[in-house]
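First comes the structure, then the notes that go with it.
The figures that follow rest on heavy atoms only: side chains count, while hydrogens, waters and symmetry mates do not. Values in this document were obtained by computation on a predicted structure and should not be read as measured data.
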Amino acid sequence: MVTEIFQPKKILCVPLDPVHDVGIKLINAELVKHGHTTELLAPDLPIESIIKKAAAGRYDFILVSRTLGYGIAELLARFVDQLDAAGIRERTKIVIGGKAVTPELAAELGFDKGFDEHASIEHITAYIEGREAAAQSASIKKVKKNIPSGHSYTFHHKEIEALLERIVDKTLRWSEGKTTPGIRRAHLREEILHTKENAKHEQLELQYHELCDREIVEGNSEHHFPKGVRIVRNDELNDLEKMLNSHNPHNPVTIQHNAGQPLVFKFLGSGCPVMDIMHGKICERWGIDGFLIINPSWEARYEGLLEGMLTHENDGTITSLENIRLMKRWLDPATLLTVRAHRGLNTPETTLLAGEAGADLTKIDLVYGSLGAGTDPERLTMDGIESIRIAGKYKMAFDIPGNDELSGVPAWKTLAGLLINVMLGKKLGTHAILKPLFCYGPHIVLNGQMKLNFVDYNAAKIHALKEIVDCPIWPGEPIAFMTQTEDRVQSANATSYHASLAASLGVDAITIASTDEAYSRGPISIASRIDSIRAVTDAFRFMGNADIAPTPAMQAFKNQLIEKITETLRAAAEAEHLPDAINKGILGNAEDGAYPGKFGKGTVTSAGIQ
């Protein structure tokens, strides 16, 4: 509450604009509430009439509202000169505000003060009353969200629940007494991180590198890195720190218009953690709620992970502990950070590093990682189970991307795979987050589910999942994928339409791409990141508490999806375990465009064999 005592002021409000006077009307009304005496002139009066009025009234302040345009600066300068000539400046302060106005330009034109379009009425009132503006107007206080909170993870569809329990129980029994190089490295890495004795530390490092490919050993031991990788220089880190410590977000905004609209995430994975942080800070200013760290594809193919603060000249940021910690350090405490773990041979260790670095979430999908990301189903099932356990230890939820649908896998098979992961998380004490795609996938194109519109089938996926289980839903990855073109305006529009649909369906979060992400022929530009954020912000404001109404076809699609999911899970429950179901093509086959991966094949061994 403002407690300063001030003398009421006499103020002349001048809309020096041919038409627009809404802004200054609002300011006038607020000044009256504060006890000031004001007079509001009509818009577009001749300057001579305004000068005459100002000279007769002996005002403390003259507030001028004007949008700048061609020739307007000269008009304003003449206006100030005439106020000087009439002797008004000796007793009256002249203030200007409007679009394109800056404090510097206002001073250059001779005004005592200038306010841009982002200035609040509180700032203007505080200036007139000679006090500091109330603190709440200065910035937006973000609060970190817990995505799984509010969900019970109760299955409503009892047959599907029973089938999932059967599949998961078989798989967990199969995994007992087995291990992989990835699991063993994760255990060693945990010991390394928490061992202070030098001799023990060196011994553990040797054991770790015995389980690594040569490229990883040479990178960690001799700094002979894969092509394009180097250590981040100290001067780069110093420049980053200097810049971030000397700058605060300018006029930060929020994306959501109301609390019921979903959180919005973007990808980070330029290859350079310093660039990721810069892009991240700018996106935070535009209201982004979280980021997904995307690693390079080659990192998933090696046994073992590189150590250190490293930059990579191609797409994908190396998920070393130091890189994750660097990003976590500079992102806002309320910003959520998730680390992709499921694409390859280092899933358990990546999850461990994410937890150690303080990440909020990790990304694990045993089915997609085996069918769309190239890892052997037995290897990834073993590594994935361990990763889910590790995520639970660090209280990280894990999101399950359904990107196998992009290969041509029918949506019901993808959704069945997501639900298997949910049940695994439930059995292992970790919260999972469903990530169905909002995309124009190959199977949908071939079979015409989106021939009439993009609304019904996407909505059917969400309604089907909600009818099956009470679990967070986070469409990705990203929304609108395969509906966007190289045209940045079209890409932003497509993203905003899908975001509006997601908000209407009451989902928990969405992932959006930059407008050049799918077609970029180089690094993602910050302008294209802002394009899609602004588009979604405007879409959320436009929709508000309104909804997009699907046609009756949505209900038929939903019923078909639930029926097909059930059929798929029945077949999977007849398999020996999850890897067997994947290898048999039950969750996606060659006809769908999905093939079980080969990386890590033959590396699942008895836990007694070291």
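Within a 6.0 Å radius of CG in Asn234, no more than 12 heavy atoms belonging to other residues, nucleotides or ligands are found. Counting heavy-atom neighbours within 6.0 Å of Arg58 CZ, excluding the residue itself, gives a total of 12 or less. No more than 12 heavy atoms of other residues, nucleotides or ligands shown are found within 6.0 angstrom of NZ on Lys53. The neighbour count for Arg534 CZ, taken as heavy atoms of other residues, nucleotides or ligands under 6.0 Å away, does not exceed 12. Within 6.0 Å of atom NZ in Lys281, more than 12 heavy atoms from other residues, nucleotides or ligands are found, so the atom counts as buried in its surroundings. More than 12 heavy-atom neighbours from other residues, nucleotides or ligands sit within 6.0 angstrom of CG on Asn238.
The closest donor-acceptor contact from the side chain of Gln256 to the backbone of Pro262 lies under 3.5 Å. No side-chain donor-acceptor contact under 3.5 Å links Asp516 to the backbone of Ile524. With hydrogens and angles ignored, the 3.5 Å screen pairs a side-chain donor or acceptor of Thr92 with a backbone N or O of Tyr59. A distance-only check finds a donor-acceptor pair linking the side chain of Asp487 to the backbone of Val489 [under 3.5 Å]. Looking only at distances, no side-chain donor or acceptor of Thr515 sits under 3.5 Å from a matching main-chain atom of Arg488. Using a distance-only test at 3.5 Å, with no hydrogens or angles considered, no donor-acceptor pair links the side chain of Asp116 to the main chain of Thr102. For Lys113 (side chain) and Ile128 (main-chain N/O), no donor-acceptor pair under 3.5 Å exists by modelled atom type. A distance-only check finds a donor-acceptor pair linking the side chain of Gln261 to the backbone of His257 [under 3.5 Å]. Formation of a donor-acceptor pair under 3.5 Å by the His36 side chain with backbone atoms of Lys9 is found in this model. Proximity of a side-chain donor or acceptor of Asn323 to a complementary backbone N or O of Leu326 within less than 3.5 Å is not detected.
Between Arg340 and Thr319 there is no side-chain heavy-atom pair separated by less than 4.5 Å. Counting only heavy atoms from C-beta outward, the side chains of Leu310 and Ile231 approach each other to under 4.5 Å. Side-chain atoms of Leu505 and Leu501, non-hydrogen and from C-beta on, do get closer than 4.5 Å to each other. Thr317 has its side chain within reach of Met327: a pair of non-hydrogen atoms, C-beta onward, lies under 4.5 Å apart. Residues Ile277 and Leu331 fail the side-chain proximity criterion, which asks for heavy atoms closer than 4.5 Å. Annotation: side chain of Ile62 is in contact with side chain of Leu83 (closest heavy-atom distance under 4.5 Å). Contact check for Lys461 versus Leu437: side-chain heavy atoms found under the 4.5 Å cut-off. With contacts defined as side-chain heavy-atom distances shorter than 4.5 Å, the pair Pro273/Val232 qualifies.
When only modelled atom types and interatomic distance are considered, Gln7 and Asp60 share no side-chain donor-acceptor pair under 3.5 Å. Side chains of Glu30 and Thr125: a donor-acceptor N/O pair is absent below 3.5 angstrom, by distance only.
Remark: Lys266 is not positioned above the aromatic ring of Phe291, lacking an NZ or CZ atom under 6.0 angstrom from the ring centre and at most 45 degrees off the axis.
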Verdict with reasoning, Thr338 to Asp399, per side-chain hydrogen bond (donor to acceptor under 3.5 Å, both in side chains): CA-CA 9 Å; Thr338 183; Asp399 61 78; 3.3 Å; yes
Residues Asp332, Lys144; criterion salt bridge (charged side-chain N to carboxylate O under 4.0 Å, His left out); working and verdict: CA-CA 9 Å; Asp332 188 274; Lys144 180 176 286 189; over 6 Å; no
From CA spacing to verdict: salt bridge (charged side-chain N to carboxylate O under 4.0 Å, His left out), Lys142, Glu284: CA-CA 10 Å; Lys142 293 180 68 175; Glu284 283 182 339; 5.7 Å; no
side-chain contact (heavy atoms from CB on, under 4.5 Å) evaluation trace for Asp538 with Ser496: CA-CA 8 Å; Asp538 287 347; Ser496 71; over 6 Å; no
Arg325/Glu322 under salt bridge (charged side-chain N to carboxylate O under 4.0 Å, His left out): CA gap, chis, key distance, verdict: CA-CA 5 Å; Arg325 279 179 171 167; Glu322 294 81 2; over 6 Å; no
side-chain contact (heavy atoms from CB on, under 4.5 Å) between Val339 and Leu353, worked out: CA-CA 9 Å; Val339 179; Leu353 297 182; over 6 Å; no
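With respect to the salt-bridge test (charged N to carboxylate O, under 4.0 angstrom), the residues Asp360 and Lys145 do not qualify.
If you take OG on Ser320 and CD on Glu299, they are separated by 8.0 Å, rounding to the nearest 0.5 Å. Note that the SG atom of Cys272 and the NE2 atom of His279 stand 9.5 Å from one another [nearest 0.5 Å]. Ile293 CD1 to Lys363 NZ: the interatomic distance, rounded to the nearest 0.5 Å, is 11.0 Å. The line from SG of Cys471 to CG of Leu465 is 8.5 Å long, rounded to the nearest 0.5 Å. Separating the CD atom in Glu90 from the CD1 atom in Ile88 is a distance of 10.0 Å, to the nearest 0.5 Å. Taken to the nearest 0.5 Å, the CZ atom of Phe111 stands 4.5 Å off from the CG atom of Leu76.
Summarising the geometry of Gly114 relative to Pro103, their closest heavy-atom pair is O-CG, 3.9 Å, with the distance given to 0.1 Å. The two residues Ala357 and Lys328 make their nearest non-hydrogen contact at O-CG, 3.5 Å. The two residues Ala494 and Gln484 have their closest heavy-atom pair at CB-CG, 4.1 Å.
Screening Ile255, Ile510, Asp508, Leu336 for a side-chain contact (heavy atoms from CB on, under 4.5 Å) with Leu263, the sole residue that qualifies is Leu336.
Note on ring orientation: taking the six-membered ring where Trp is involved, the planes of His498 and Phe438 are tilted (angle from 30° to 60°).
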